[in-house]
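In what follows, chains carry the letters A, B, and so on, assigned in the order in which the sequence lines appear, proteins first and then strands, with residues in each chain numbered from 1. These values consider heavy atoms only, across backbone and side chains, with no hydrogens, waters or symmetry-generated copies. Remember, predicted model here, so these are calculated numbers, not experimental data.
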Amino acid sequence: MKQSHLYVPTLKEAPKDAEVKSHKLMLRAGLIKQTAAGIYTYLPLGLKVLKNIEAIIREELDALGCSELLMPALQPKDLWDESGRWDDYGPELMRLKDRKDREFCLGPTHEEVITAVVRDVLTSYKKLPLALYQIQTKYRDEMRPRFGLMRGREFIMKDLYTFSKDVDDMNHWYETVKEAYSRIFERCGLSTKIVASNTGEIGGIEAHEFMVMSEVGEDTILYSPSSTYGINAEATTLQAGDMAPDASGPLKSGKGIEVGNIFKIGTKYSDTMGAAYQDQEGHMHPIQMASYGIGISRTLMAVVEEHATEDGLRWPASLTPFDYHVLPLTDDATATDAFYQRLAKSYKVLLDDRRERAGVKFKDAGLIGIPRRVILGKTFKDGFVELEVNGEKETLTVAEFWQSVNA
RNA sequence: CGGGAAGUAGCUUAGCUUGGUAGAGCACCUCGUUCGGGACGAGGAGGUCGCAGGUUCAAAUCCUGUCUUCCCGACCA
């Protein structure tokens, strides 16, 4: 990909609206642009990373036997009346009317829709279990959007719903997805703590959240430094210094970014919306549901927050928008283009073909943070390139370079 | 929603106290010199000073209202 075609509007100075590191950097590196409070445009570079996160999620969930579908963002009030949440949800629900005055909302979550989608079909024990997920834009009319992608009014989320014949099977899915979530975040370069939480607006029996510990996090976490025990402070009367319930030592307190959550819902929606199946004896039972979310746009922000320096992004190999950033500093377009074409056969390559001075290219490359940088400079005509990986620079002959990249 | 702050060119901002019709840096266009870590010089383009009303001979500046954005808090799958 030629940089002149990609639209990467980098900024020397961050807009004054941004305060936290990740927000400033995402604006400066040309990943996002604010469109309204808590509403962002994902620019090409940011979108590429989002797609990489999504690909990891799809791989892990598909491996569990989950299937992807896509539900509408625009949802009729009728469904929310069935569950009772039209009245329960409060002003966070984005409500609107069509030209005939029929009421709708922009979905903050999709329990109602998914239940309506499956209830006519999942009427026999033979069709259970089932696990369906989507990646979709969600809407919440937040009182106070915050910190760029951290808390938006429109954000991208993966939501998964499982349908089970009994509590044991639901519990099995719950544990299986919990493990998959840990793998997903690990592959994204994030270390997460799993903490017990409130079941909140969705309702249900038990819930856990996946937290990335960070000083810009909005949740307060109590955790045991010597075990895996952790709990969201809003779900407990425990305090920092108290003995952990697993007796592993005194609890510590820290801030966390909630990047994922999992809920055992039980039968709240199957009861109110009539999702039931017949067992072998012909008896009716409500379907046991669970739901599982990953804030994809928030995960992007958490990755930036955790990995970036004050001066630039730093992408984990699994998420990087490009494998190589090629910076030609000479006028020999023919030779550099040939080099680029060859490398691009095997890798995702960003070629800085802009007619900019070397300093500008270096600064922008540092901002964008592609892990491997190839500099085609003064000595390129003599058969040398410079390879910079994680700030470590070495000079190679072109032949050595091709050998090293196996291309 | 309570408290605080701020809206002047794409970004950062000066000017506002003491009213006289807008200035800089970066970015952009032209020319020249530069040419490996955000170059320099000269010239140029770009602004309903968030919006509306009021005071005044005159408003970016004073007054009122309103919208927007950010921060703290409360709230929150």
Distance, rounded to the nearest Å, where A:Arg151 contributes CZ and B:G73 contributes P: 12 Å
Phosphate-side-chain proximity, A:Arg146 and B:U69, N/O vs OP1/OP2 below 4.0 Å: no
Whether A:Phe380 and A:Phe339 hold their rings parallel, tilted or perpendicular, with breakpoints at 30° and 60°: perpendicular
Whole-Å P distance, B:G46 and B:G4: 41 Å
Touch class at under 4.0 angstrom, heavy-atom based, for A:Lys33 against every strand present: nothing
Bracket notation of RNA chain B in which parentheses pair within the strand, [ ] cross earlier pairs, and | pairs with another strand (Watson-Crick or G-U, under 3.5 Å): (((((((..((((......[..)))).((((((.....)))))).....(((((..]....))))))))))))....
Inter-nucleotide P distance (B:C40, B:C49), Å rounded: 32 Å
Polar pair under 3.5 Å, donor/acceptor by atom type, side chain A:Arg28, base B:G10: no
Rounded distance in Å between the P positions of B:A52 and B:C57: 22 Å
Heavy atoms from other residues, nucleotides or ligands near CD of A:Glu218 exceed 12 (cutoff 6.0 Å): yes
Span that lies between the P atom of B:A6 and that of B:G43, in whole angstrom: 36 Å
B:U48 and B:A22, which share atom name P, separated by this distance in whole Å: 13 Å
Pairwise P distance for B:U56 and B:C63, with rounding to whole Å: 16 Å
Nearest atoms (heavy-atom pairs only) where A:Arg151 meets A:Arg144: CD-O, 3.6 Å
Pair A:Lys2-A:Asp337, side chain to side chain contact (heavy atoms under 4.5 Å, CB included): steps then yes or no: CA-CA 10 Å; A:Lys2 293 187 174 178; A:Asp337 200 59; 3.9 Å; yes
Residue-phosphate contact under 4.0 Å: A:Lys361 side-chain N/O, B:G36 OP1/OP2: no
Gap in Å between the two P atoms, one belonging to B:A45 and one to B:C62, rounded: 31 Å
Distance, rounded to the nearest Å, where A:Lys363 contributes NZ and B:G37 contributes P: 10 Å
Spacing of A:Leu329 atom CG relative to B:A39 atom C1', expressed in whole Å: 15 Å
Donor + acceptor pair across side chains of A:Ser248, A:Asp246 (<3.5 Å): yes
Rounded distance (Å) that lies between atom P of B:A27 and atom CG of A:Leu11: 12 Å
A:Asn261 side-chain proximity, nearest of B:G36, B:A77, B:C70: B:A77
A:Trp80: which of A:Trp86, A:Phe104, A:Tyr89 passes ring-ring contact (aromatic ring centres under 6.0 Å, His included): A:Tyr89
Sub-6.0 Å ring centroid separation between A:Tyr174 and A:His208: yes
Selection: residues 40-55 of chain A, any non-hydrogen atom under 4.0 Å of RNA chain B: none
Closest listed nucleotide, where the reference is the side chain of A:Asp17 and the choices are B:G36, B:G25, B:U69: B:U69
Spacing of A:Glu209 atom CD relative to B:C76 atom C1', expressed in whole Å: 11 Å
Check: A:Glu356 side chain, B:G38 base, donor-acceptor under 3.5 Å: no
Which nucleotide in B:G36, B:U34, B:C11 has an atom nearest any side-chain atom of A:Ala358: B:G36
Closest to side chain of A:Phe263, choosing from B:A39, B:G25, B:A77: B:A77
5'-most by nearest nucleotide on RNA chain B - A:Gly377 or A:Gly38: A:Gly377
Among B:G36, B:A39, B:C70, the one nearest A:Glu19 by side-chain distance: B:C70
Geometric class of the A:Tyr181/A:Tyr292 ring pair [parallel <30°, tilted 30-60°, perpendicular >60°]: perpendicular
Plane angle bin for A:His23 and A:Tyr40 - parallel if under 30°, tilted between 30 and 60°, otherwise perpendicular: perpendicular
Side chain of A:Lys12 (C-beta onward), nearest among B:G38, B:A77, B:A74: B:G38
Exam field: side chain A:Lys381 to backbone A:Lys378, donor-acceptor pair closer than 3.5 Å: yes
Sugar-phosphate only, base, or nothing, as touched by A:Ala14 at under 4.0 Å among non-hydrogen atoms: sugar-phosphate
Interatomic distance where CD belongs to A:Glu206 and P belongs to B:A77 [whole Å]: 17 Å
Touch class at under 4.0 angstrom, heavy-atom based, for A:Phe147 against every strand present: sugar-phosphate
d(CE, A:Met94; C1', B:C76) in whole Å: 14 Å
Donor on one side chain, acceptor on other, A:Ser197 and A:Asn232, under 3.5 Å: no
Residue mapping more 5' on RNA chain B - nearest nucleotide basis, A:Asp364 or A:Pro15: A:Pro15
Sugar-phosphate, base or nothing in reach of A:Glu92, heavy atoms under 4.0 Å: sugar-phosphate
Ring geometry between A:Phe210 and A:Phe185 (parallel below 30°, tilted from 30 to 60°, perpendicular above 60°): tilted
Touch class at under 4.0 angstrom, heavy-atom based, for A:Gln34 against every strand present: sugar-phosphate
Pairwise P distance for B:A27 and B:U68, with rounding to whole Å: 34 Å
Gap between atoms OH and C1', on A:Tyr89 and B:C75 respectively (whole Å): 12 Å
Any N/O donor-acceptor pair, A:Arg144 side-chain to B:A74 base, under 3.5 Å: no
NZ/NE/NH1/NH2 to OD/OE distance under 4.0 Å, A:Arg183 and A:Glu186: no
Phosphate OP1/OP2 of B:U8: any A:Lys16 side-chain N/O under 4.0 Å: yes
Touch class at under 4.0 angstrom, heavy-atom based, for A:Leu367 against every strand present: base
